[in-house]
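Data block below; observations after.
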Amino acid sequence: MIRIGFDVGGSKIAALALDPQGRELARRRRDVPRDYAATRDALAQLAAELVAAHGPAATIGIALPGMIGAGGELIRVVNLPWLEGRPLAADLEQATGCPVALANDANCFALSEAVDGAAAGASVVFGATLGTGVGGGIVVAGRPLAGANAIAGEWGHNPLPLLAPEDGPPVACGCGRSGCIESWLNGRALARDFASLGGRAADGAEIARLAARGDAAARAALARYQRRLATALAGVVNLLDPDVIVLGGGLSALPGLYAEVPQLWRPLIVAPAPRTRLVPARFGAESGLRGAAWLGRSGTPES
Ligand SMILES: [Zn+2]
């Protein structure tokens, strides 16, 4: 029996079939239709193609950006509003005859890493994504946590505490608030810091290259980034006390994070010798899709 995962983003549907050991059998990709019935039918069609090629499916899981309830309710779906309030899981179960589970894409990222990725075997896992946005998902005992408001793990829109004078005033966040963790830790924040320290316009990868060559402004920008990340994650450790924190997203590849941040978070964590491990994602950008395929394995998310 195969497991099918879908990652439905603003423009593309990615589909993946895994064998029971987690080996990839096939993948598909197509545009997202712009209405509910066509999206539902496209997912059913892709599932039918994978079943025809690789045998019957035990489960189907779908990763979606936004607020997805513990029962698969599509409360808010970023860039795909025609899905909101629709019974997608029930309709797809009817079309395919297979159990269907839905979850937020950051939760799927955390699940992928918890099942057979960088946090395999850990009981409590926090998956943090650092990119254009800053998000997160929580997995406890192999099951993603949805939460009462379907926002569990959304640490990116907490205010960042313990700002230093060098940070300057809080800036506006895409959510309408200001001073959010996301606005201090996304790619734009790193570029803004580098520029304010005398650097030119550059993205994270370029700043990392310059730092490796000894550029003082790039090194200072990375040091600020590490300090802020440590402050933000110390709050996660004090609240959730995870065994492992897995970082994903483009900025998770910045140099020094995995050595420096656990040193910097030590004085901010109430435990005398914190054992929480900070590790990079094993499956990188593939993790959301793999986690979707593992969703059925874990049953419905915890509320
Ligand atoms: Zn925000």
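Whatever order the structure lists them in is the order used to number ligands and atoms, beginning at 1.
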Notebook entry, point to check: Heavy-atom count around Arg275 CZ within 6.0 Å, excluding the residue itself: above 12?
Noted result: no
Notebook entry, point to check: Are Arg27 and Glu286 ion-paired here, with the side-chain N under 4.0 Å from a carboxylate O?
Noted result: yes
Check: Should the pair Asp35-Arg86 be classified as a salt bridge under the 4.0 Å nitrogen-to-oxygen rule?
Finding: no
Check: Under 2.8 Å from the Zn ion (ligand 1), which protein N/O/S atoms are there?
Finding: His157 ND1, Cys173 SG, Cys175 SG, Cys180 SG
Next item on the list: Can you see which heavy atom on Leu254 is nearest to which on Ala208, and at what distance?
Entry: CD2-CB, 4.5 Å
Checklist line | Pairing of Glu49 and Arg28 as salt bridge, 4.0 angstrom limit | finding: yes
Notebook entry, point to check: Crowded around Arg188 CZ? As in, over 12 foreign heavy atoms under 6.0 Å?
Noted result: no
